[in-house]
Amino acid sequence: MKTNHRGSTLRVQQLLNIMYERSFTDRTHEWYEKEELPDLGKDENSKNRSLVLRRSSALKKMLEIMCMENGPNKYGREIKDGELIVGNIPMGSLGFGKTFPNYLTDEEKQVAYFSSRDITSVLGHNAPNYSRLLNHGLKGIKERARKGILEVDSLDDKQKNNVFQKKKKIFYEAIIESCNAVISYAKCFSDILKTKAQQKNITKERRDELNELARICEYVPENPARGFHEALQSIYFMHLAFHASNSHLSLGRLDQVLEPSLQYSLKKGEITTERAQELMECFFIKCAERLTSTMKYAVKQDFADFATGMGNSPFLVDQQATINQFMQNIVIGGQTKDGKDATNQTTYLILDTCQSLGIITPVVNLRLHKNSPRKLIEKAANAAINGNNGLPIIYNDEAIIPALQLDKKLPKEETFDYIIDGCWEVLLNGKCDFTYNMVNMLEVMECTLNRGALLSSSNMFLRGSKKSFLSEKPDNIKSYSEFKQVFEEQLEYFVNKVCMQLYDNYCLEGSVTPVPLFSSLLGTCLERGIDKTSGGCEYNLGGVVYIAMPNTANAFASIKKWVYEEKKYTLTQVAEALRNNFGINNNNPDDSKKEMWTEMLKLFRSTPKFGNNDKYVDKEMQYLLDISYNKIQKAEKLCDDIYLSKVQQMTDENEKRRIRRLRRMAGFQNSGEDLNYKYDFSISFSAGCGTFAQYAMFGSGCAASADGRLRGEPVAPNFSPDSGTATHGIGSVIESMKDLKLDKYALGAIVDICIPREAYSQDLLIAAYDKFIESNGSILSLTIPDSKNRVKSAYEVCQAVRKEEATQEELKEFADLNVRVGGWNGPYITLTDIQQVDYNKRLGINVDSEN
Amino acid sequence: MENLNKIRYFNIDWSSKNDGKGVRTVIFLQGCNLKCPWCHSPHSQPYTSPILFNKQNCIQCKKCVSICQQNVHSFKSDTHYINIDACTSCGQCIEHCNQSQNIYHNSLNALNLPTTEITPEKLFNKVLPQLSLLSNAGGVTISGGEPMLQHKALIQFLKLCKSKSIPTTIETSASVPFSYFSDIHKYVDDWLFGLRPVNNTYAKNSADFNLVTNNLNKLSRYTKSITIRVPLIKGVTDSSEQIHTIINIMHKNRLTYAELLPFNPYTDHYYKAMGIELSLKGERSLSNKNINKICNQLNKAHIKTKVLKI
């Protein structure tokens with residue numbers, strides 16, 4: 001395999017090889033199947049226990065099974081030769097789903113299903129405060145929890161029976177049980193290591209390592225970590241416990257978290273910088289071991305159900321595109337809370353590790369700002385070139401921090417400390433809860449053109465499946481400004497709906513999937529004694545993500561030009577052409593208009609496209625970004641009224657009645673009374689643009705669009721120019737960002753750019769990063785997969801494998817070919833045909849045959 | 001009539017590592033005074049490119065036949081014939097051809113007229129975002145065709161580049177009067193200078209070697225940032241005597257770096273699109289062994305070499 005030379009030492013190279021070899025095999029037997037896990041919901045005793053305690057017991061059971069002797073599979077207790085970080089995360093990913101002991105009774109399940117929730121449902125993605133873990137150890141967390149229990153116990157009987165106090169006590173008990181479960185798991189590994197160290201057939205060097213590891217696992221995560229090795233192992237155990245229990249959590253700002261431990265160990269002479277890198281590489285590989293490089297056995301490992309996933313289910317992601325999405329983000333660089341450059345030795349260590357291994361997960365995200373050291377930017381460019389994994393992803397502090405600061409609910413110093421989770425969503429570091437919802441702008445466009453209905457060519461739903469309200473007839477939309485007006489009305493409907501849904505879902509979450517272990521490392525939850533799913537955090541971010549912005553801006557340009565400037569078509573004619581897919585593969589027997597449609601498609605495609613620094617369309621993008629941001633502001637105000645007003649304290653009777661009416665209409669607090677949280681709870685809505693990995697999926701349900709996209713074709717990936725339409729060099733793509741005012745988009749707007757290997761240089765990348773920061777861009781991924789020819793060969797082999805004309809073995813040649821998939825970077829060979837073709841388009845493969 | 005205030009180009013390569021130092025944006029200017037038999041862009045030779053026809057993209061709808069006033073298009077037993085000589089480049093057929101509407105990738109179109117005429121300012125604004133990435137990473141390269149034929153408009157463009165500190169390179173065959181160089185060289189950082197003593201059989205359509213040598217002698221008084229470029233065409237430019245001639249000229253001008261361009265065996269693409277025959281017949285690529293031999297000959301004479309990838 002071409003990955004052989006990677007890793008800074010022989011040990012790491014061998015571990016990498018095992019990982020890649022395994023990724024091509026059938027890994028079904030590595031899963032913990034449902035029947036191998038206990039069912040706490042069936043347990044008679046469970047029924048009467050509170051849900052949060054059942055949740056912590058389920059975590060305990062899971063971790064016990066994972067390190068049980070003669071457990072369901074032999075991988076749980078595995079320690080590979082040479083490993084310096086131990087423990088094993090069970091199989092699972094966003095696309096595959098996860099398995100976990102059930103803790104709901106049958107009755108509870110049926111009711112939870114009603115709101116599309118189950119034990120595997122996750123709401124927000126997030127990242128824990130690992131500094132707290134390293135500084136206090138789980139011992140410290142447990143002490144805090146015990147103190148909380150004592151506080152409740154010391155109350156008088158009346159207060160003790162207060163529902164908050166009761167819940168608080170249970171929450172703290174659940175934290176203690178969860179922490180103990182993780183400590184036991186670590187100690188179990190300590191025992192395994194001790195036994196292994198006594199084996200005869202190992203070198204003295206390895207024996208010493210195993211004994212040292214046994215000592216470390218005995219000590220952390222229970223105790224505060226002292227040295228670098230302890231810190232990494234401690235974080236890994238927690239990360240493992242989260243990922244074994246449906247909490248797809250990120251790793252946060254590891255350079256800030258780990259720097260004190262690194263300096264401690266270096267100063268004490270415990271390790272060298274080379275050893276530090278080796279340890280970091282071992283840590284990365286432990287996070288990446290769930291990698292799957294072949295689709296051959298994927299269907300067998302589809303453990304997702306309708307309630308997997310987040311927010312308003314049913315679960316709908318491009319599962320194949322996300323089989324290797326583990327949502328493990330590391331953030332490095334950026335600024336400290338007081339706005340100073342935060343780069344440190346660990347920043348470089350992580351960047352070097354990322355480059356040395358060339359693996360796709362954990363995703364390394366680099367925050368840059370106008371005072372970032374040159375050396376850091378140079379190293380980043382170097383890593384992007386030599387890592388071959390499309391990393392690091394670049395975040396522009398100059399756009400993101402001002403955007404976060406626009407929200408007055410968020411304290412300034414916390415905005416300097418932002419992190420990334422999930423795919424690329426920006427949130428506060430270890431401080432806030434997070435959830436998001438999405439608006440497909442092409443749907444809004446269809447509703448604008450078709451009076452609140454989708455543009456379907458079937459007559460079943462008469463003019464089309466209804467998505468929103470009956471707006472103006474296209475015939476009556478006489479001017480471009482009227483057209484925009486109707487679009488804005490439709491948009492408002494969609495945005496209000498998703499924002500209200502966020503509150504609605506939020507209020508449900510804690511009732512099914514409380515997360516005591518995670519809450520203990522998140523913001524104010526531990527202090528308040530409230531689970532994060534019940535409003536334990538001081539800050540709550542709610543992202544609104546706009547899908548297909550580039551397509552929509554391009555469509556606006558076409559409509560502006562051909563309907564309202566040139567007056568070549570009426571809006572009704574355009575709607576009809578889109579409904580009929582411009583006459584292509586069309587079931588409609590009326591082909592008399594085909595000629596007009598064909599010409600229309602031609603003209604639409606030749607209208608300026610976003611990403612080429614063409615002001616005609618960039619102006620439309622500016623407009624779209626402006627109105628989309630403003631609609632969120634408006635929705636936030638509405639939501640604040642409905643969900644957060646303090647009716648009991650109001651003196652104005654009319655206002656009181658207004659709020660109560662709105663509440664009842666929203667189906668919230670049937671009594672119309674205030675939300676019964678102990679602390680003030682509010683969602684800060686933040687705007688973002690992107691698709692994550694789902695650009696093919698989001699496009700598949702949409703009719704043709706006026707940018708010249710055909711029915712069902714993918715939409716533009718994230719906030720990137722639509723695939724294949726950026727023809728003026730990456731400089732022009734970046735230049736297009738300049739006037740967009742992306743510094744209002746606090747969730748981020750990510751542009752994915754791919755450069756074929758034959759056209760890059762380190763200086764070019766450095767210049768691109770610099771220009772991106774200057775141009776007020778938000779998030780940038782710059783991927784250099786390989787030469788066009790190699791990607792083309794990989795595509796041909798994949799096609800042959802799909803047709804069963806080639807074997808899996810032939811794919812191994814391309815195991816190292818990593819490409820950007822919207823929300824993460826993944827192996828090209830595991831993507832769907834449609835994703836691969838879209839990717840080829842971006843590189844100009846099959847399109848630009850003369851080069 | 002030639003518009004001296006406009007630049008004619010037929011292609012832009014936004015990111016190339018083969019045309020000068022670092023990563024370059026290459027602008028290929030239209031028009032050439034030579035007809036080198038190994039030329040891989042014959043459509044660059046005329047003042048404006050003739051209509052190019054990519055047979056594989058034609059669906060034989062025959063709309064072009066009815067629209068063309070000059071009767072350029074005709075069909076005989078399912079073959080699409082194009083009478084290039086009658087074509088006035090009016091573009092009507094392209095406008096009406098549904099198979100020719102890809103504005104992103106000309107090569108996907110059945111018919112296409114690649115030449116664009118544009119003011120130096122507009123061209124500069126178009127490429128500036130990309131060039132702004134290249135001021136340290138590379139720069140702009142003007143190639144062709146023969147870019148020196150448009151030296152007057154080109155100067156305007158190069159001045160704009162220099163005002164933004166963007167490194168500039170011109171690739172030329174230099175078979176033009178030296179007066180063309182006398183103003184422009186101040187705005188050019190590096191030259192890619194074609195030097196090809198071809199044997200008599202092919203001399204007629206190729207560069208005037210004496211003129212080229214004289215130009216090189218004069219130019220090298222102003223600058224030593226000159227890379228000599230030698231196409232390696234079997235039986236045309238590859239004899240040791242020819243290499244020897246190059247060595248002598250380079251020594252005389254104290255130039256020390258040459259790039260060797262292997263024959264591109266896929267040149268027939270544009271010939272086919274123009275409906276003409278490639279005049280070079282037979283195997284024209286040199287073996288690696290022979291390429292190495294030429295490199296050795298140059299290296300022994302203290303000339304550094306680089307063989308470009310095809």
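Convention: sequence-line order gives letters A, B, ...; per-chain numbering from 1. Model, not experiment: these values are computed from the prediction.
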Using a strict cut-off of less than 4.0 Å between a Lys/Arg side-chain nitrogen and an Asp/Glu carboxylate oxygen, indicate whether A:Asp739 and A:Lys615 qualify as a salt bridge. yes
Checking heavy-atom separations under 4.5 Å from chain A, one finds in residues 129-138 of chain B B:Pro129, B:Gln130, B:Ser132, B:Leu133, B:Leu134, B:Asn136, B:Ala137
Among B:Gln101, B:Lys126, B:Lys17, which has the most heavy-atom pairs under 4.5 Å with chain A? B:Lys17
Please tell me whether A:Phe610 and A:Phe556 form a close aromatic pair, meaning their ring centres lie under 6.0 Å apart. no
Name all residues meeting the salt bridge (Lys or Arg N to Asp or Glu O under 4.0 Å) criterion together with A:Asp618; count only those two or more places apart in sequence or in a different chain, and write none if there are none. none
Heavy-atom neighbours of B:Gln69 CD exceed 12 at 6.0 Å: no
Consider only side-chain N and O atoms of B:Ser16 and B:Asp19, and report whether a donor and an acceptor are under 3.5 Å apart. yes
Could you check which of A:Glu758, A:His728, A:Lys738, A:Lys771 has the highest count of heavy-atom pairs closer than 4.5 Å to chain B? A:His728
Exceeds 12 heavy-atom contacts within 6.0 angstrom, atom CD of B:Glu277: no
Take a 6.0 Å sphere around CD of A:Glu595 and say whether it holds more than 12 heavy atoms from other residues, nucleotides or ligands. no
Proximal component of B:Glu95, with respect to chain A [non-hydrogen, under 4.5 Å]: backbone
